[in-house]
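The structure appears below as structure tokens.
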Number of protein chains: 4
Amino acid sequence: MTELLEAALQVFSSKGYRNTRLEEVAEAAGVTKGTIYHYFENKEALLIGVIEHYQTLAFGRVEEVLREVGLSVSARIRLLVRKAFVDADRTRRPMVSLLLRGVAHEVPHAHQRWLREGPVRLWTVIAQLVAEGQKRGEFRLDADGEVGARLLVSGLLVQVMWQQHADDIPELAVDEDRLIDSSVELFLAGLRPVGVVMAEK
Amino acid sequence: MTELLEAALQVFSSKGYRNTRLEEVAEAAGVTKGTIYHYFENKEALLIGVIEHYQTLAFGRVEEVLREVGLSVSARIRLLVRKAFVDADRTRRPMVSLLLRGVAHEVPHAHQRWLREGPVRLWTVIAQLVAEGQKRGEFRLDADGEVGARLLVSGLLVQVMWQQHADDIPELAVDEDRLIDSSVELFLAGLRPVGVVMAEK
Amino acid sequence: MTELLEAALQVFSSKGYRNTRLEEVAEAAGVTKGTIYHYFENKEALLIGVIEHYQTLAFGRVEEVLREVGLSVSARIRLLVRKAFVDADRTRRPMVSLLLRGVAHEVPHAHQRWLREGPVRLWTVIAQLVAEGQKRGEFRLDADGEVGARLLVSGLLVQVMWQQHADDIPELAVDEDRLIDSSVELFLAGLRPVGVVMAEK
Amino acid sequence: MTELLEAALQVFSSKGYRNTRLEEVAEAAGVTKGTIYHYFENKEALLIGVIEHYQTLAFGRVEEVLREVGLSVSARIRLLVRKAFVDADRTRRPMVSLLLRGVAHEVPHAHQRWLREGPVRLWTVIAQLVAEGQKRGEFRLDADGEVGARLLVSGLLVQVMWQQHADDIPELAVDEDRLIDSSVELFLAGLRPVGVVMAEK
DNA sequence: GATGAATGAGGGTTCATTCAT
DNA sequence: GATGAATGAACCCTCATTCAT
């Protein structure tokens, strides 16, 4: 059954949910069409199964970081973003692709849930951290932390997803570590008070 | 025929290409199914028609801004981003949605072309401007301008697209002007040399 | 309107009635689709129109030859076959093709009428002539004149029709005059009394 | 699957390929529309399937007869024609109908192949036999054997096909054995040297 | 559990036919 | 008379789903 989920994830994300025949999923999983119906009620249930199975891997207990007051806010943001995006798992990219495009029109409910529990939640936490940093004097007060957090999260998601097409469009390719690190650093630099050199890192 | 394109854009982007019956497009355009085939060879041609018709509105002659040496680099970046994203046209958001998700698996070629001529091109130009700013001393030399440009463009695209779901997920809603302005300002702030107050704005 | 009939004949016979769009007929006739409906109620009426217009050319007053008692039977048969098949008209071959295959399932009534008034009538008359020849002693009594007449008429029809494919299958090609003349001569030779040299020709 | 081919043969030949809905074939085979697509890629593939399945029955190893030098040429021709046309199989007539009319415009390639491997091949062999007979003195030298062979084969084909319409046009009806036997005898008689009684039969 | 033949609703596509201009 | 945009019934084809083995 894990094979089925794995196969479904790969095929759905690479061809699109509607463009995928159940037979293709079955074949990719090394079984036949009928077998899928032993484990899933129907095609949509399979899709939801995939989402639920892999989504848990995405953003764990993100809010915890809010309480780790020992660290500087910047450090906690770095931590958070790494936790969310640095991930050697080969299911991550397909999942982003699936959630970002494959699912919105097929199972709107699952899509909305993901939005809420995934990106929105992540950037909300980051925005809260920024607010805390502003109180602490770590960040300048006139910066729009929320929009910044949105940009950071959304931008990274799409960039990760687009790596899928790097074979066809070489300009898209970018080293993921650099992508993530540079993104966080620029984000933090944008929040830094003017005229103050941040010694911490 | 413009009615058809308009209708197709709306329906495709709101329900997804594959989930849309030609009959629905026809109905939305106030004609019947058969009429579509007077103007388009088939469903895919209609989709491509939509893309080609509205894409031109997207990013015009973006490169021009590289040559406007009279302005500061920051000013030119602000100009560019506004030109690309500030747009009262009600076709913009559906188009982004269509291109970002509806099209990748249906007409990969059109999708790739859009990527190249749209987002990639835009962030490439921005990255070039950043490089110029670094030479001029306007930006700090150790900033990763390219990643920043990617983040800015990708993030804005997704945020714009997600406004489509703001009715269902209130946390998604954000004022578009604020979104765009804050994004650019944060982006520029992240590039600013440390310890230097930028007088210009 | 004659242009329409002519065009319809050509296109119908070369592509088949069902495979022909009215638009193709119109185009071949140098008019547009709608025009056809000024002259013909519908597609089938056009087909029937074609058949009726050109069929008359086929077999005129074939029975007359029965009464021309001055001539030998052989001479009259030669006459008859030539009258029916020797024809420089470029509408003849398409007509045969149309009637032999294009029409049977489309307008069975017209097809049956053609069969009756065309081939069946022709071989009936020939069979009658053979019978007369047998009475006269011109032909041997034990020959199956009717089957011979059938073979002659049917065989010539198909051979004429198949000339349509002579471009693709060179083995099919045969000179029409030779085809017709040799056929009649062999037919007559087959009827000739054994051991008797026929001086007449 | 054999049921499908059988059903398709019957329906195609009686209504015409283009006039036949796949649903009718399915119904005739006692299955439903979708089932056809388990066995055949599409409608055309079904038609080709029919042709290939039944054509093999048509003319087997016709050339063998050329080498049977023990028999007189006349005997061998009789044998050949019987082998080709005397056939109690109820698939024969529909096949002839299908090949003679239903197929030329639908799958020209299959049609041409049939022409080449069927009628053309048969009359070529017969013509060769005639030539051999002429050398041997069995037939007169001035007879046009090739045209005669064409007439024999083509005429028989059409006559067989037209028996399909004997219900509607009684004059068409003819006993098939008589048709075939008389045809061959007349053909042979036409080739016989003048003034010589052929003792052999 | 697994299979794969069979089903049939759904939807893309064709094209004869109509009709306002 | 001629046009060609619009119509909609017909039909091919796809594929999720079922079920007997």
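- By the 6.0 Å and 45° rule, B:Lys43 stacks over the aromatic ring of B:Tyr17.
- Distance, C:Tyr17 OH to E:dC15 P: 13 Å, rounded to whole Å.
- If you check F:dA20 for Watson-Crick or wobble pairing at under 3.5 angstrom, you find it paired to E:dT3.
- Between the CD atom of D:Glu106 and the C1' atom of F:dC12 there is a distance of 14 Å, given to the nearest Å.
- Here the P atom of nucleotide F:dT14 and the CG atom of D:Asn42 are 8 Å apart, to the nearest Å.
- Pair check for F:dC13 finds E:dG10; Watson-Crick or G-U wobble, both atom distances under 3.5 Å.
- Within the shown strands, F:dG8 is the pairing partner of E:dC15 under the Watson-Crick or G-U definition, both distances less than 3.5 Å.
- A distance of 5.5 Å separates NE2 of B:His53 from OG1 of B:Thr2, quoted to the nearest 0.5 Å.
- One finds the CH2 atom of D:Trp162 at 11.5 Å from the CG atom of D:Leu157 (value rounded to the nearest 0.5 Å).
- Atom CD1 in D:Ile48 sits 9.5 Å away from atom CZ in D:Arg113 (nearest 0.5 Å).
- Candidate nucleotides E:dC15, F:dT17, F:dT14 were compared by shortest atom distance to the side chain of C:Arg21, and E:dC15 ranks first.
- Between the C:Ser13 side chain and the C:Leu9 main chain, a donor and an acceptor come within less than 3.5 Å of each other.
- Note that the OG1 atom of B:Thr35 and the CE atom of B:Met1 stand 13.0 Å from one another [nearest 0.5 Å].
- For C:Leu46 and E:dC15, the CG to P distance is 16 Å, given to the nearest whole Å.
- Atom-to-atom, CD of D:Glu23 to C1' of F:dA10 comes out at 11 Å; the value is rounded to the nearest Å.
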Exercise. Using a cut-off of 4.0 Å between protein heavy atoms and nucleotide atoms, how would you tag nucleotides 2-9 of chain F 5' to 3' with B, S and -?
Worked result: BBBBBBB-

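- Rounded to a whole Å, the OH atom of D:Tyr37 is 14 Å from the C1' atom of E:dG11.
- Atom CZ of A:Phe40 is separated from atom P of E:dG1 by 13 Å (rounded to the nearest Å).
- Each of A:Lys43 and D:Lys43 has a nearest nucleotide on DNA chain F; the 5'-most of these lies closest to D:Lys43.
- Each of A:Arg18 and B:Glu41 was matched to the nucleotide of DNA chain E holding its nearest heavy atom; the match closer to the 5' end belongs to A:Arg18.
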For residues 19-31 of chain D, tabulate all N or O donor-acceptor pairs below 3.5 Å that involve a side-chain atom, not counting sequence neighbours.
{"from": "D:Asn19", "atom 1": "OD1", "to": "C:Arg18", "atom 2": "NH1", "distance (Å)": "2.2"}
{"from": "D:Asn19", "atom 1": "ND2", "to": "C:His105", "atom 2": "O", "distance (Å)": "3.4"}
{"from": "D:Asn19", "atom 1": "ND2", "to": "C:Glu106", "atom 2": "OE1", "distance (Å)": "3.0"}
{"from": "D:Asn19", "atom 1": "ND2", "to": "C:Glu106", "atom 2": "OE2", "distance (Å)": "3.2"}
{"from": "D:Asn19", "atom 1": "ND2", "to": "D:Lys15", "atom 2": "O", "distance (Å)": "3.1"}
{"from": "D:Thr20", "atom 1": "OG1", "to": "D:Gly16", "atom 2": "O", "distance (Å)": "2.6"}
{"from": "D:Glu24", "atom 1": "OE1", "to": "D:Arg21", "atom 2": "N", "distance (Å)": "2.7"}
{"from": "D:Glu24", "atom 1": "OE2", "to": "D:Lys15", "atom 2": "NZ", "distance (Å)": "2.6"}

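- Straight-line distance from the CD atom of A:Glu44 to the C1' atom of F:dT17: 14 Å, rounded to whole Å.
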